[in-house]
Amino acid sequence: MRIRFTKMQGAGNDFVVLDETRALLQLTPAQYRFLADRHFGVGADQVLSVRLSPAPGIDFEYVIHNADGGEVEQCGNGARCFVRYVSDKHLTDRDRVRVKTLGGVIEPRLNPDGRVTVDMGAPVFEAGQIPFDRAGLSPHEAGTWEKWTLALGADPASPKVAVALVSMGNPHAVQEVPSVDDAPVHTVGPQVENHPRFPRRVNAGFMEVVNRALIKLRVWERGAGETLACGTGACAAVVAGIRLGRLESRVDVQTRGGMLTIEWNGVGEPVLMTGPAVTVFEGEIEVPDQ
Ligand SMILES: N[C@H](CCC[C@H](N)C(=O)O)C(=O)O
């Protein structure tokens with residue numbers, strides 16, 4: 001099957017964007033993996049599908065697949081690219097749209113300065129909330145949303161990490177580190193991602209607090225590995241830091257791919273994320289029938 005795609009990136013988190021407003025492509029997980037493959041396909045962290053919505057008051061549906069082919073609830077950097085895409089393709093004449101994802105309704109809007117702000121909705125804290133269900137807990141793991149101790153091995157003497165559990169529609173386990181440059185992202189990241197505490201896996205954030213208005217962040221993403229930036233991960237890290245009294249209500253997040261700005265005014269309030277959204281190139285590719 002030959003399909004057209006648009007390659008986009010938001011702070012270096014990159015995407016294959018598919019226009020499904022006229023017809024659904026009905027791709028398989030293997031075909032999503034092919035599109036995301038950096039050697040045999042286009043190459044991306046996620047594949048984003050743009051669809052119309054039948055629901056009143058909702059303009060579009062936004063379907064997100066990770067590079068491993070799995071469908072997930074939310075993608076923040078992708079949401080900025082989403083509104084840039086529908087505006088550039090004249091699929092809407094408005095700068096602000098309401099978009100339904102598996103993880104809830106979000107509202108991205110184009111700003112005059114070319115950056116994009118997304119109302120990401122309100123965060124959810126682990127309290128037996130989905131997807132932080134309690135299945136698979138071993139006796140020596142326990143805690144509250146802000147300090148959940150994860151044993152990184154079956155042996156009781158194995159190393160442990162303390163994470164803050166925040167859902168932005170998709171699940172995040174954030175730990176504070178003295179330096180993101182020295183953080184064990186590629187060893188501890190996969191261990192947290194695949195920990196039995198998270199039956200649907202989890203995104204593993206590593207946050208360095210520089211001051212009350214600036215953090216550095218690296219994220220080992222569920223289903224994609226370390227990305228240059230993670231929008232929902234930036235939201236989750238800042239929300240955790242604010243609730244723990246470590247950060248102000250407006251924080252710049254320095255990622256390896258660029259700067260994001262997160263604003264949050266407290267529990268029950270929406271998280272606003274602002275950052276770049278760039279179209280890199282358009283293309284066509286023959287996708288194997290799998
Ligand atoms: N890997 C994430 C989805 C993409 C999130 C990230 N790219 C973002 O910008 O929020 C998950 O499995 O929940």
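Counting convention: from 1, in listed order, for ligands and their atoms alike. Numbering starts at 1 and runs along the sequence shown. Keep in mind that this is a model prediction, so the values were computed, not measured.
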Next on the checklist: Consider side-chain contact (heavy atoms from CB on, under 4.5 Å). Of Glu248, Met120, Arg243, Met273, which one does Trp264 pass it with?
Outcome noted: Arg243
Item to check | Parallel, tilted or perpendicular, as decided by the 30° and 60° cut-offs, for the rings of Phe5 and Phe281 | outcome: perpendicular
Checklist entry - Any side-chain donor paired with an acceptor under 3.5 Å for His172 and Ser167? => result no
Checklist entry - Does a donor on one side chain sit under 3.5 Å from an acceptor on the other, for Asn77 and Gln9? => result no
Checklist entry - Hey, which of Phe34, Phe15, Tyr32 is the one that makes ring-ring contact (aromatic ring centres under 6.0 Å, His included) with His65? => result Tyr32
Checklist entry - Between Thr232 and Gln74, does any side-chain donor sit less than 3.5 Å from a side-chain acceptor? => result no
Item to check | Residue shell around ligand 1, heavy atom under 4.0 angstrom | outcome: Asn13, Gln46, Asn66, Val72, Gln74, Cys75, Gly76, Asn77, Asn170, Asn203, Glu221, Arg222, Cys230, Gly231, Thr232
